[in-house]
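Worksheet: one structure, shown below.
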Amino acid sequence: MSETRNEQEEQRRIKLAEIRAMGVEPYPPTFGKTHDAHAILDGFSPDAAADYATVAVAGRIMALRRMGKATFCHIQDQSGRIQIYFKRDDVGEQAYDVLKKLDLGDIIGAEGYVFSTQTGETTVYARSFTLLTKSVAMIPLAKEEVADDGTVTRYDAFADKEQRYRKRYLDLIANPNIKNTFVTRSKVISAMRRYFDDRGWLEVETPILQPLYGGATARPFVTHHNALDVELYLRIADELYLKRLIVGGFEGVYEISKNFRNEGMDKTHNPEFTSMEIYVAYKDYLWMMDMTEHLLNSLVQEVHGGSTVSVDGTEISFAMPFRRARMFDLFEQYTGMQLRGLSRQELVEAAGVIGVSVDPTWSAMKILDEIFSERVEEHLVQPTFVMDYPVEMSPLAKAHRSEPGLVERFELFINGKEIANAFSELNDPIDQRERLEEQARIRAAGDDEAMIVDEDFLHAIEVGLPPTAGLGIGIDRLVMLLTDNTSIRDVVFFPQMRPERSGDHHA
RNA sequence: GAUUCCGUAGCUCAGCCGGCUAGAGCAUUUGACUUUUAAUCAAAGGGUCCUGGGUUCGAGUCCCAGCGGAAUCACCA
């Protein structure tokens, strides 16, 4: 860390020394806080003043108005802001001298009674106060003007996205409204846990450091274990381990998993991201579809208190049942063409008719994928289960019970984006081996994102995986949807950033 | 990875066609003020104009390269 200090930061260190010289400890160990700001603002009325005759609040000073022998300040705690009024004659001359040394950003506690000022603002009238933490670094300050109708105008807000992501703690202080996003994120995850736990499914932990990576198609991060002198990979998915646990006899397991993929970064991709995968024995993808829509409906109820969510101006309804459509029916609906069973060459021609440009080197699957994202996805605004994918696209999904060439798989699309992916899990060991060996051939042909053959996983399938349904949900994207954010960086506290050059980063 | 835009005080931003000592508001310091609220009034201090080259009598401004960010596109969840 560079130690360049500006004039204002030097000034704060001087004040810190002066406060100590007055015999006041600027970093005391505890404070007996009794109320959140929000609780006082909600509960207080002049009639109920007796209930607020003694309160203790604590928080960071966000606004300071000194008027000679009286001072007003606003402190911000986790619930919001509240004003505190100090009068020299009431807190005492010595304490008031300490008050004069306080700055924006300092954390204080105040004890007193609640009253309503001449202008009608609910305020804590301080009988005493305690400096809890002296801040010696500058915080970006956002002044707020609250109009009569309650609208809040912010001035000089901390707006630099780069700094907001790099120094999220400042962002949370200066833009406290973003806390709502992260609170919702937390609620979504805890509600999901509760949903699964209530049904008897077991939360488990599987390796993040894996000797072989699998369960998805992506490039991994590689690391090295010194003692074993082996390469290890940060997991790209936990699917293959969770299935081993079903083989081992658990009948319902789930994991909320940080996964790592060594790919590009943009507003929907962070190198580490959170997904939830769940596997339930003796169930199929149709059962999983019912479970998924019920789960999401419950989550939306819990975080929004209804079944609709507004995303980018569009109302999304999570009312059950969600739309269900087979993939090739969607192709027919939105392109007017029946694409099932077409050869690669026929697909190239079909793409030409539809008006989707394809690269001549692409495989049949890649062409289908392209047509789907160009012509179908945009229509899947309301929650839609897309069912029954071609087998080549899904090396871990079970062959369809009645449709040759397809697998029992669904993806859930909402607002044109994939939120969940599920299959009846492939448990035929002969089929599974052939599919992974086909992936190995694709890989040998140059696609370094194709899956690799994991012999131990195949052995587990040979031992016997019962009929099982599996589901994966992208938590970050789900949270983006439920909080109306368009960038993954706004739903992750500390998104990955390119390191700053040393010397450039002055805090 | 490609394209476009951005980087000036702690924060938010001006800075024209290249031309005096680089500006404003908030914040900071000093003074006044015992119900203010973007408090107010008076005065003062504060700059690696992202970095490095180049053009020029002269560069915050123009050119080149680099660094960092944002948006759009391509790929991946």
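Just so it is clear: chains get the letters A, B, ... in the order the sequence lines come, proteins before strands, and each one is counted from 1. Quick note: numbers below take in every heavy atom, side chains included, and nothing from hydrogens, waters or symmetry partners.
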Check every strand shown and say whether A/L104 touches a base, only sugar-phosphate, or nothing at a heavy-atom separation below 4.0 Å.
sugar-phosphate

Please work out if A/S275 contacts a base, only the sugar-phosphate, or nothing of the nucleic acid, heavy-atom cut-off 4.0 Å.
nothing

Which nucleotide in the list B/U34, B/C11, B/C76 gets nearest to the side chain of A/P140?
B/C11

Is there a donor N/O on one and an acceptor N/O on the other, under 3.5 Å, for the side chain of A/D160 and the base of B/C11?
no

Let's test this: given Watson-Crick or G-U wobble pairing with both distances under 3.5 Å, identify the partner of B/U72.
B/A2

If pairing means Watson-Crick or G-U wobble with both distances under 3.5 Å, then the partner of B/C62 is B/G54

Select base, sugar-phosphate, or nothing to describe what A/N270 touches, counting heavy atoms under 4.0 Å on all strands.
base

Taking the side chain as every heavy atom from C-beta outward, state whether A/F158 and A/L170 have any pair of such atoms under 4.5 Å apart.
yes

Indicate, with a heavy-atom threshold strictly under 4.0 Å, whether A/R489 touches base, sugar-phosphate, or nothing.
sugar-phosphate

With no angle test and no hydrogens, is the base of B/A27 tied to the side chain of A/Q8 by a donor-acceptor pair under 3.5 Å?
yes

Evaluate the side-chain proximity of A/L102 to A/F129: yes if any heavy-atom separation is below 4.5 Å, no if none is.
yes

A/Q11 near the nucleic acid: base, sugar-phosphate alone, or nothing, with a heavy-atom cut-off under 4.0 Å?
sugar-phosphate

Looking only at non-hydrogen atoms, find the nearest pair between A/D388 and A/E408 and report the distance.
OD1-CA, 4.5 Å

Rounded distance (Å) that lies between atom C1' of B/C76 and atom CZ of A/F260:
17 Å

May I ask which nucleotide in the shown strands pairs with B/C16, Watson-Crick or G-U wobble, both distances under 3.5 Å?
none

Under 4.0 Å, heavy atoms only, any strand: does A/E272 hit a base, just the sugar-phosphate, or nothing?
nothing

Ignoring the backbone of A/Q118, work out which of B/A39, B/U12, B/U35 is nearest its side chain.
B/U35

With no hydrogens and no angle check, just 3.5 Å: does a side-chain donor-acceptor pair link A/T217 and A/R261?
no

Ion pair present between A/K134 and A/D103, side-chain N to carboxylate O less than 4.0 angstrom?
yes

Who pairs with B/C26 - Watson-Crick or G-U, where each distance is under 3.5 Å:
B/G10

Base, sugar-phosphate, or nothing: which does A/E418 touch, judged by heavy atoms less than 4.0 Å apart?
sugar-phosphate

Presence of salt bridge, A/R409 and A/E411, under 4.0 angstrom
yes

Does NE2 belonging to A/H379 count more than 12 external heavy atoms closer than 6.0 Å?
yes

Looking across every strand, which nucleic acid part, if any, lies under 4.0 Å from A/K267 by heavy atom: base, sugar-phosphate, or nothing?
sugar-phosphate

Taking RNA chain B as the partner, which of residues 59-76 of chain A come within under 4.0 angstrom of it by heavy atom?
A/R65, A/R66, A/M67, A/G68, A/K69, A/A70, A/F72, A/H74

Touch class at under 4.0 angstrom, heavy-atom based, for A/N421 against every strand present:
nothing

So what does A/F86 hit on the nucleic acid, given a heavy-atom distance under 4.0 Å: a base, only sugar-phosphate, or nothing?
nothing

Base paired to B/U34 (Watson-Crick or G-U; both N/O distances under 3.5 angstrom):
none

By the 4.0 Å heavy-atom rule, please label A/E144 as base, sugar-phosphate, or nothing.
sugar-phosphate

